[in-house]
Student: 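A single structure is presented below for examination.
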Amino acid sequence: MTILEEIRAEAGRPLPELAEKYHADGRRCAALFCGFIPPEIVHAAGAVPMRLRATGHSGTDAGSTYFAQTHCSLVRHAFDMAMRGRFAGFDAVMFSTGCDHSRRVYDAWRHADAAPALRMLIPVSSDSTPAAVVALERELEKMIFTLREEWKVELDDGAIGGAIRQYNKQRALLEQIGRARIADDSRLSGADVLALHQVISSVPVDQGNALLERLLAELPGMPARENATGTRLFLVSSHFEDLRRMATIEEFGGLVVGDLMCTGTGYFHGPVDEAAPPLTALAERALHRLSCPHAADEIDRRVRFIVDSVREGRCDAVILDRLSFCAIGAAEFFVLARRLKAEGIAVLELEGELHGGGEGQLRTRLEAFREQLSNRDSAR
Amino acid sequence: MIHIACDPGSRYTKFAAARPGDAEAIRQVFPSHDADDLGALARHVASALRPGLFEPVQLWMVGDGWVPKRTRSKPVLLGAALARASIGLGESALVADCGGLRTRVFEVAGGQLKRTLENERCTSGGGRFVETMAAALGVELDEIDAVIAASKSPIRVSSPCMVFAESEMISQVNSGVSREDVLAGVVAHAVEKVSTLVQQAGPSGRPLLTTGGLARLAAFRNGLAAALPGTVLVEPPCDPLFFNCVAGLATVYPGVSADVR
Amino acid sequence: MTTLAMGIDIGSLTAKGVLLANGAPTAKFLCRSLPSATESVRSVASGLCGHGRIEFEQVHAVCLTGYGRFQAPFPAIEKSEISCHGLGAAQCESSVRTVIDIGGQDSKVIALDDRGLVQEFAMNNKCAAGTGRALEVLAHALGVPVEELGPLALRGKAGCRLSNRCSLFMENDVLQARRDGIEKSAIARGIIDAVVERVLTLTAKLPIRSGICLTGGVAKNPGVVAALERHLDQPMIRFEFDPQLVGALGAAHFAARSL
């Protein structure tokens with residue numbers, strides 16, 4: 001099995017299965033619903049932070065007992081897993097207030113008294129002002145206090161500082177992957193990188209770093225992708241976990257050489273300041289990294305990031321792929337579409353469920369978009 | 001006086017009629033798109049009770065309180081009618097009305113309506129959804145149970161819109177999935193919708209009476225029983241398509257019984 | 001020698017075809033789509049050959065579009081229906097710059113360049129409320145054939161509003177309006193307005209330039225055309241060529257260009 005095949009196989013493993021494995025190894029694990037929750041703190045407390053996804057889970061009828069059909073697809077799937085006890089093997093589940101749908105699932109989880117017993121909410125402000133940073137620092141102090149009490153662990157600045165360094169190393173390694181990804185002789189598809197991000201965000205950081213180093217060492221020996229010099233795309237989404245959908249986008253649209261997603265490059269973008277006090281640095285990074293559209297005051301930076309990435313990656317176009325019923329995504333993508341078009345960047349807007357569905361419609365839109373790009377090129 | 005109850009559904013307009021001395025109501029159904037003059041249809045139903053003779057007719061509209069403008073009809077609230085009919089089901093029970101477009105669950109206790117839950121503005125998984133998919137697959141309504149019985153691996157319906165789900169089903173059949181598996185998936189989707197609503201109503205283990213056209217399907221009832229372990233499924237004393245109508249009639253005309261046991 | 005190019009458009013409701021001889025339409029065909037897309041393609045190809053009095057082997061190039069393009073029973077090029085409707089409309093009238101296509105199950109707005117090629121497009125997502133299917137369902141609820149819906153709507157007064165978003169709940173609104181004794185022509189106008197409003201949400205995503213036309217079967221509905229003209233405050237370009245076959249015409253031209 002090649003390393004990329006290993007990564008794909010690992011990405012296909014449901015989180016509860018991974019949690020069982022960590023417990024067998026004597027490690028705690030925590031499911032993190034949102035990118036605002038610093039994995040460094042969870043790691044410093046001796047647990048494996050696992051960014052929540054619903055891989056391998058289908059159906060939402062149990063989840064829908066608390067949520068309307070018009071709720072975010074990720075929330076309904078995740079809560080369905082909770083109602084069926086699939087998080088019983090976790091030691092904690094952590095939520096934030098990144099969006100109303102994910103905020104609500106914290107309430108529903110408690111009301112349903114679904115496992116695990118330790119459920120934490122780390123609220124975050126809707127802007128990234130200095131006051132918001134201070135407020136988040138206070139919330140992180142509460143998070144640390146709770147973990148010390150519940151897990152009986154030492155959790156001091158030294159441990160957190162050590163975790164920061166490890167995660168910064170991971171971010172630097174991923175940045176190298178990002179540069180390799182945009183090369184004309186790229187060896188990586190968007191689906192490869194998506195799978196890699198999913199694996200990295202659900203394994204212990206040292207294991208993740210070892211995997212990244214191995215991948216970077218093996219990349220030069222792999223064959224270049226044939227479509228690396230064809231249509232090149234930048235993908236913007238919120239939560240995106242469907243590898244098959246990514247493969248469809250790449251088969252009929254073009255090679256995805258960059259992304260900005262909740263669970264993708266944006267989540268790993270930018271280091272934590274190792275010179276600053278740990279909690280301040282974590283709060284600063286959480287609010288100033290690029291991932292989340294919930295901070296409406298940061299949209300200029302996100303647009304700039306996308307435009308710069310499109311130019312750097314020599315992308316032909318941007319795809320805005322909204323998860324069904326993602327309210328924040330709807331508002332963000334409306335603005336992004338206009339701003340990107342004003343920059344002369346072609347944009348395709350898509351919408352899809354968490355897992356599958358509507359392949360025919362998706363293919364039609366992608367093919368039509370390719371034709372549109374080809375028309376633009378032939379007119380130049 | 002002939003009492004006629006009318007349940008004007010999205011697909012079928014049902015009538016139940018009885019005269020003094022009648023213990024059972026007669027029942028008639030018309031496709032709703034042919035049923036805009038409810039007064040005329042009521043008189044037609046009345047003539048079936050007493051051919052050739054005139055008797056005054058009182059039309060009762062079973063539903064949420066709506067009465068058509070051109071008639072002297074009166075409303076009968078469906079929830080209250082079903083609650084009354086379910087009095088024999090014990091201290092607390094649920095009634096799932098599985099209609100063409102709307103699915104409602106009524107929580108009833110001691111003959112009184114306690115609460116109503118309804119599907120949000122989505123027809124996916126309703127009776128109309130099943131009927132349309134069956135038609136697209138060339139299956140008559142009375143063949144659905146037999147076709148589903150042959151299913152080995154029901155598909156999963158992913159589209160929330162009935163119209164798109166229809167093309168999705170046809171694509172599945174074109175790519176070699178058996179129509180039994182597609183239709184079984186469609187009915188399973190309807191079961192999921194109704195069972196979700198029932199679970200929202202609260203603790204399980206209570207008797208659940210199913211009415212409405214969808215409840216005619218054995219595959220649907222069996223699926224619901226499997227999805228709600230511990231719940232006792234109760235069938236109405238007459239064809240579930242007409243039960244709302246008969247229950248409505250029974251509230252205004254004591255001679256007719258709709259009591260569920 | 002005559003160059004023969006065939007365009008086949010398999011939609012959710014109807015299957016269409018156009019045969020070009022040296023770039024000019026020489027045969028047309030339309031039938032209801034069959035459950036099997038492959039059979040629909042064969043049926044249209046056979047129909048066109050019959051009408052064109054040719055053998056299929058004489059055809060130099062075929063282009064398939066619509067969802068049936070994924071299941072070609074013979075060698076053919078594939079183009080999206082977006083591109084085909086664009087080129088087809090431009091072939092009918094070179095001044096067309098915006099195409100509104102209301103199909104059986106989807107609707108789209110397409111912006112064209114001066115070559116008749118797609119510059120940008122927007123399509124409906126997840127909702128069939130602004131489509132031909134919605135009109136079929138609602139016409140049936142009204143108790144009129146769908147072909148009569150448009151002329152009926154033109155006679156109707158404004159004011160009957162169908163408030164629901166979903167075409168199936170709108171069906172209930174239609175039944176209720178009938179039971180309340182509202183005139184069918186007013187209900188028909190309400191139906192058309194509701195469907196057109198859904199389509200117009202797409203125009204918010206694209207700048208609408210003058211030179212607008214309507215393609216697809218729904219273009220034959222005079223009520224829809226009138227409602228669009230009213231809302232857009234612009235006359236629509238009308239073709240002599242059957243608007244329902246514009247996608248197939250565009251496909252045929254793509255086939256011809258591939259030679």
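Each chain gets a letter, A, B and so on, in the order the sequences are listed, and its residues count up from 1.
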Student: Would you mind telling me which of Asp64(B), Asp7(B), Asp97(B) makes a salt bridge (charged side-chain N to carboxylate O under 4.0 Å, His left out) with Arg102(B)?
Tutor: Asp64(B)
Student: Quick one: what part of Ala141(C) sits under 4.5 Å from any heavy atom of chain B, side chain, backbone, both or neither?
Tutor: backbone
Student: Who among Gly39(B), Gly9(B), Pro31(B) has the most heavy-atom pairs with chain C under 4.5 Å?
Tutor: Gly9(B)
Student: Looking at Glu171(C), Glu39(C), His140(C), which has the largest count of heavy-atom pairs under 4.5 Å with chain B?
Tutor: His140(C)
Student: Which atoms of Pro8(B) come close to chain C, meaning under 4.5 Å heavy atom to heavy atom: side chain ones, backbone ones, both, or neither?
Tutor: both
Student: Arg179(C) versus chain B, heavy atoms under 4.5 Å apart: side chain, backbone, both or neither?
Tutor: both
Student: For the residue pair Lys220(C) and Gln244(C), confirm or rule out a side-chain donor-acceptor distance under 3.5 Å.
Tutor: yes
Student: Go through the atoms of Ala136(B) and report whether side chain, backbone, both or neither lie under 4.5 Å from a heavy atom of chain C.
Tutor: neither
Student: Which answer fits Val174(C), side chain, backbone, both or neither, if we ask what part of it has an atom under 4.5 Å from a heavy atom of chain B?
Tutor: neither
Student: Does Phe254(C) have Lys79(C) sitting over its ring (NZ/CZ under 6.0 Å from centre, angle to axis within 45°)?
Tutor: yes
Student: Please tell me whether Asp181(B) and Ser153(B) have a donor and an acceptor in their side chains that are separated by less than 3.5 angstrom.
Tutor: no
Student: According to the interplanar angle, ranging from 0 to 90°, do the rings of His189(B) and Phe129(B) count as parallel (below 30°), tilted (30 to 60°) or perpendicular (above 60°)?
Tutor: tilted
Student: Determine, stepwise, if the pair Lys108(C) / Glu81(C) fulfils side-chain contact (heavy atoms from CB on, under 4.5 Å).
Tutor: CA-CA 10 Å; Lys108(C) 28 188 163 325; Glu81(C) 56 262 43; 3.6 Å; yes
